[in-house]
Amino acid sequence: MSKFIESLIECPFYIKEGNCFIACEGLIEKTVCNQSFEKNSDKTEYETKICSVNGGKGCIHHRSVALLYEKGIKN
């Protein structure tokens with residue numbers, strides 16, 4: 001069953017979230033990058049203010065993965 005926050009997330013590189021982490025597409029092919037947070041409230045705030053706004057473009061990890069696609073390094 002999906003979580004409500006997942007319906008708000010706009011980032012194309014988002015995979016899933018769990019207890020104190022967000023899993024995103026990795027920089028290396030066939031990898032996943034986990035963004036870890038000290039508290040679930042910090043994770044929820046990040047998801048609300050970054051992952052769910054403007055396609056997640058405010059996230060430095062988003063910028064890194066998007067750049068690999070722009071340069072043709074990732075397909």
Item to complete: Nearest 0.5 Å please: distance from the CD1 atom of Ile5 over to the SG atom of Cys51.
Response: 8.0 Å
Worksheet item: Does Val32 reach the side chain of Asn34, with side-chain heavy atoms less than 4.5 Å apart?
Response: yes
Worksheet entry | Test item: Ser64 side-chain N/O and Ile60 main-chain N/O as donor-acceptor pair under 3.5 Å | yes
Worksheet item: From Ser36 OG over to Asp42 CG, what is the distance, rounded to the nearest 0.5 angstrom?
Response: 12.0 Å
Discussion item. Is the distance from the ring center of Phe21 to that of Phe37 below 6.0 Å?
Written reply: no
Worksheet item: When you look at CD of Glu29, are more than 12 heavy atoms from neighbouring residues, nucleotides or ligands closer to it than 6.0 Å?
Response: yes
Worksheet item: Out of curiosity, Glu25 CD to His62 NE2, how far, rounded to the nearest 0.5 Å?
Response: 10.0 Å
Discussion item. Go through it in stages, so that I can follow the logic: the residues are Glu47 and Leu8, the test is side-chain contact (heavy atoms from CB on, under 4.5 Å), and I'd like the CA-CA distance, side-chain angles, deciding distance and then a yes or no.
Written reply: CA-CA 9 Å; Glu47 288 172 321; Leu8 301 177; over 6 Å; no
Discussion item. Let me confirm one number: the OG1-NZ distance from Thr44 to Lys39, rounded to the nearest 0.5 Å.
Written reply: 11.5 Å
Worksheet item: Can we say Glu38 and Lys43 salt-bridge, meaning some charged N sits less than 4.0 Å from an Asp/Glu carboxylate O?
Response: no
Practice prompt. Consider only side-chain heavy atoms of I, L, V, M, F, W and Y, link residues closer than 4.5 Å, and tell whether Ile15 and Phe4 are in one cluster.
Written response: no
Practice prompt. May I ask you to decide if Gln35's main-chain N or O and His61's side chain share a donor-acceptor pair within less than 3.5 Å?
Written response: no
Discussion item. Quick one: does any side-chain atom of Glu10 pair with a main-chain N or O of Gly56 as donor and acceptor, under 3.5 Å?
Written reply: no
Worksheet item: NZ of Lys57 to CD1 of Ile50: how many Å apart, nearest 0.5 Å?
Response: 14.0 Å
Discussion item. Could you check whether Glu17 and Tyr46, counting side-chain N and O atoms only, form a donor-acceptor pair closer than 3.5 Å?
Written reply: no
Discussion item. Under 3.5 Å, is there a donor on one side chain and an acceptor on the other for Tyr14 and Glu6?
Written reply: yes
Discussion item. I want to check something: taking the side chain as every heavy atom from C-beta on, are Lys49 and Val53 in contact at a cut-off of under 4.5 Å?
Written reply: no
Worksheet item: Is there a side-chain contact between Val65 and Cys24, using heavy atoms and a 4.5 Å cut-off?
Response: no
Discussion item. Grouping I, L, V, M, F, W and Y whenever their side-chain heavy atoms are under 4.5 Å apart, do Phe13 and Ile9 come out in a common cluster?
Written reply: no
Practice prompt. Write down the atom of Gly55, the atom of Pro12, and the distance for their closest heavy-atom approach.
Written response: O-CD, 3.5 Å
Worksheet item: Which atom names give the shortest non-hydrogen contact between Cys20 and Asn40, and what distance separates them?
Response: N-OD1, 2.8 Å
Item to complete: Following the transitive rule for hydrophobic clusters with a side-chain heavy-atom cut-off under 4.5 Å over Ile, Leu, Val, Met, Phe, Trp and Tyr, establish whether Leu67 and Ile73 coincide in one cluster.
Response: no
